[in-house]
Amino acid sequence: MLGKYNTKAFISLGLTFILMWISEATDAHVNYNYTTKPRVVLPPNYVKEMRPPSKKGSPVIVDFSIFVVDINSINVEDMDFRVDMFIHQRWMESRLEISDDIFEEGDDYVTLLPEFFDNLWQPDPYFLNSKIAGFGSPHISSTSLLRHKDEKESKNFHLDKALKIATLTHKFTSVTLYKNKTVRYAARMHAIIACQMEFQLYPMDIQVCPIYIESFSSNNQKVKLRWSDSGVTLNPELKLLQYNLGQPLELEESDGYMPEKVGNFSRLTVYFRFERQIGHHLIQTFAPSSLVVMLSWFSFWLGLDAIPGRVTLLVTCMLTLVTMFTGLRADIPPVAYVKALDLWMAGCMVSVFAALAEFVVVKVLDVQYQYQVNRIPKRISNMEKGQCATVASWEGGAVRSRKATQTPTTPGQTSLQGNGGPPKPARRQSLLSVAWTDTDTGVEKIMWREIDKVSRAVFPILFFVFVLLYWPILLMKSS
């Protein structure tokens with residue numbers, strides 16, 4: 001019995017030692033993990049809903065900085081643009097009790113998990129003019145939204161996931177604590193920012209798009225946002241397809257009154273300046289339209305014996321400009337005001353239309369000229385029958401009297417002196433005459449031919465004057 005009792009006591013004592021060893025190992029493991037838990041740096045009476053203590057009447061200073069990774073999808077139809085960026089916030093939290101044990105040797109900071117941030121007081125900035133915002137690698141892009149634009153169910157599904165206010169607090173973040181009790185919060189996020197765009201100078205327009213960052217619930221007496229020394233920096237490899245991003249970026253700190261929240265709130269503003277590149281439109285719009293206008297001038301060298309070719313050339317030029325301008329309207333939203341491109345296209349179309357109207361005028365004058373040319377020989381024949389003493393002959397459209405004094409005449413006018421009658425003074429040349437004889441050279445001048453000759457010089461000069469007025473004014477206003 002005694003041996004049996006000693007065996008049981010020995011087994012019991014061994015189990016006790018094993019349990020004590022497991023307990024000590026567990027405590028050591030727990031204590032080791034406590035270096036990353038909030039209870040290590042937060043005092044027992046810490047209240048995260050209360051802001052850090054500061055001097056009486058002074059707000060908590062929150063330094064803000066942004067690193068822009070990419071800017072894309074500048075959408076002129078919806079008037080917004082998408083930006084991917086890193087957000088950094090920094091403030092002083094004097095209530096922390098930081099032990100040196102949590103820092104690695106030689107470091108004055110420690111990076112903790114994002115869950116630690118939920119136990120800290122945190123500022124609540126948000127993007128005032130954001131449409132869509134999210135954190136980390138986006139699950140949805142603006143391209144996919146456009147791809148499903150006509151699919152109502154798919155669009156609503158994506159918008160439900162994407163539409164949320166950028167409160168700048170999410171699991172795709174990191175928290176860094178410094179020995180001087182400074183908290184640094186970083187997050188990678190993307191946002192679609194609304195921008196009120198103006199297109200009066202399109203395609204040389206400059207869009208100034210601000211991003212407003214404002215505290216949501218804490219007014220300027222409690223929290224003050226300010227730009228850090230780094231401010232807003234751009235990715236040096238950032239390139240835009242149709243725009244040049246003006247630098248340096250303009251930063252602004254202000255206090256904005258929010259009537260819906262009844263108070264003044266600290267606000268940060270960064271202005272992005274998007275300058276549209278003109279090279280694309282020079283190649284696709286201005287150069288082709290100028291060539292079409294120049295092509296219409298060739299009609300002035302085509303006589304009226306080539307009526308089908310002249311009409312086809314002018315109508316083709318007009319239809320080409322109309323088709324070109326119709327395609328350009330798809331690039332920008334319909335606006336109620338006149339754009340610079342509209343003035344250019346209107347000038348080109350007016351030039352081609354004027355060339356077409358010039359053809360109609362010269363054709364009408366040619367018809368009148370042919371009518372008078374064919375009518376005068378009949379009148380002369382009737383006069384010869386009634387007055388035998390006067391012999392008239394028609395040579396090249398001019399009336400010459402053998403017994404009468406010759407005077408410069410037009411195909412529509414015949415000046416005859418004879419039969420003993422008193423001489424009649426020559427009638428003054430009418431401005432509407434379709435033909436006349438040059439007094440110096442004796443060569444007959446036909447009105448429609450002279451109009452064609454003048455148009456060969458007048459139309460290019462007028463278009464050149466239009467170009468000289470258009471571009472300097474546009475460049476001056478855009479600068």
Side-chain angles (χ1 to χ4, degrees), residues 65-86 127-131 141-143 146 190-213 227 230-252 254 268-290 324-325 327-348 467-479:
S65 64
I66 298 176
F67 177 77
V68 179
V69 180
D70 189 24
I71 297 176
N72 50 42
S73 300
I74 301 177
N75 191 346
V76 298
E77 294 183 357
D78 297 333
M79 292 199 297
D80 55 34
F81 67 100
R82 176 192 170 104
V83 56
D84 296 333
M85 54 191 161
F86 284 98
F127 290 134
L128 185 62
N129 57 335
S130 66
K131 293 183 178 181
S141 63
S142 57
T143 305
L146 294 175
H190 62 279
I192 295 180
I193 307 298
C195 177
Q196 301 301 319
M197 300 181 180
E198 298 291 339
F199 301 100
Q200 284 91 346
L201 300 179
Y202 180 86
M204 293 192 65
D205 53 322
I206 299 177
Q207 306 298 340
V208 179
C209 299
I211 295 181
Y212 299 108
I213 304 170
W227 291 111
S230 58
V232 179
T233 55
L234 298 175
N235 182 3
E237 298 181 356
L238 176 61
K239 294 182 180 179
L240 303 179
L241 291 179
Q242 297 186 22
Y243 295 89
N244 292 323
L245 186 57
Q247 296 187 31
L249 301 178
E250 182 181 353
L251 305 181
E252 185 179 281
S254 62
L268 300 178
T269 308
V270 53
Y271 294 94
F272 291 91
R273 181 184 175 91
F274 300 114
E275 302 175 358
R276 193 183 300 273
Q277 298 177 1
I278 192 62
H280 169 76
H281 292 278
L282 284 177
I283 298 174
Q284 299 293 331
T285 304
F286 291 103
S289 58
S290 299
M324 186 183 302
F325 300 157
L328 292 175
R329 294 197 191 107
D331 296 337
I332 56 176
V335 293
Y337 47 81
V338 178
K339 303 178 291 295
L341 185 62
D342 296 336
L343 295 178
W344 173 264
M345 303 310 285
C348 294
V467 173
L468 289 181
L469 293 176
Y470 179 86
W471 284 107
I473 294 176
L474 183 60
L475 292 173
M476 182 177 61
K477 287 190 175 182
S478 63
S479 61

> Does the Ser289 side chain pair with the main chain of Phe286, one donor and one acceptor, at a distance under 3.5 Å?
Replying inline: yes

> Between atom CH2 of Trp471 and atom CG of Leu469, what is the distance when rounded to the nearest 0.5 Å?
Replying inline: 13.5 Å

>> So, taking the atom named CZ in Phe127 and the one named CD1 in Ile192, what distance separates them when rounded to the nearest 0.5 Å?
In response: 12.5 Å

>> According to side chain to side chain donor-acceptor pair (under 3.5 Å), who are the partners of Tyr243, at least two apart in sequence or on a separate chain?
In response: Arg276

> If you take all heavy atoms of Leu249 and Tyr271, which pair is closest and at what distance?
Replying inline: CD2-O, 3.7 Å

>> Any non-hydrogen side-chain atom of Leu234 less than 4.5 Å from a side-chain atom of Gln247?
In response: yes

>> So Lys131 and Asp78, do their side chains get closer than 4.5 Å, heavy atoms only?
In response: yes

>> To check you understand the geometry: which heavy-atom pair defines the closest contact between Ile71 and Val68, and what is its length?
In response: CG1-CG1, 3.7 Å

> Is any NZ, NE, NH1 or NH2 atom of the basic residue among Asp80 and Arg82 found under 4.0 Å from an Asp or Glu carboxylate oxygen of the other?
Replying inline: no

Please tabulate, for the side chains in residues 193-202, all donor-acceptor contacts under 3.5 angstrom to protein atoms that are two or more places apart in sequence or on a different chain.
| unit_1 | atom_1 | unit_2 | atom_2 | d |
| --- | --- | --- | --- | --- |
| Glu198 | OE1 | Gln200 | NE2 | 3.3 |

> Glu250: what forms a side chain to side chain donor-acceptor pair (under 3.5 Å) with it, not counting sequence neighbours?
Replying inline: none

> Sub-3.5 Å donor-acceptor pair from the side chain of Asn129 to the main-chain atoms of Tyr212, do we have one?
Replying inline: yes

>> side chain to side chain contact (heavy atoms under 4.5 Å, CB included) for Leu238 and Asp70? Distances and angles first, verdict last.
In response: CA-CA 6 Å; Leu238 176 61; Asp70 189 24; 3.3 Å; yes

> Rounded to the nearest 0.5 Å, how far apart are OG of Ser65 and CE of Met85?
Replying inline: 12.0 Å

>> To the closest 0.5 Å, what do you measure between CG (Asp84) and CZ (Phe67)?
In response: 11.5 Å

> Rounded to the nearest 0.5 Å, how far does CG of Leu328 lie from CH2 of Trp344?
Replying inline: 12.5 Å

>> For Ile66 and Ile213: C-alpha separation, side-chain torsions, deciding distance, then whether side chain to side chain contact (heavy atoms under 4.5 Å, CB included) applies.
In response: CA-CA 11 Å; Ile66 298 176; Ile213 304 170; 3.7 Å; yes

> Looking at Gly231 and Leu251, what are the two nearest heavy atoms and their distance?
Replying inline: CA-CD1, 3.9 Å

> Looking at NZ of Lys477 and CE of Met204, how far apart are the two atoms once the value is rounded to the nearest 0.5 Å?
Replying inline: 13.0 Å

>> Please check if the number of heavy atoms outside Leu468 that lie under 6.0 Å from its CG is greater than 12.
In response: yes

>> Can you tell me how the ring of Phe274 sits relative to the ring of Phe81, calling it parallel under 30°, perpendicular over 60° and tilted otherwise?
In response: perpendicular

>> Given Asn244, which partner from the list Glu275, Lys239, Arg273, Gln277 fulfils the side chain to side chain donor-acceptor pair (under 3.5 Å) test?
In response: Gln277

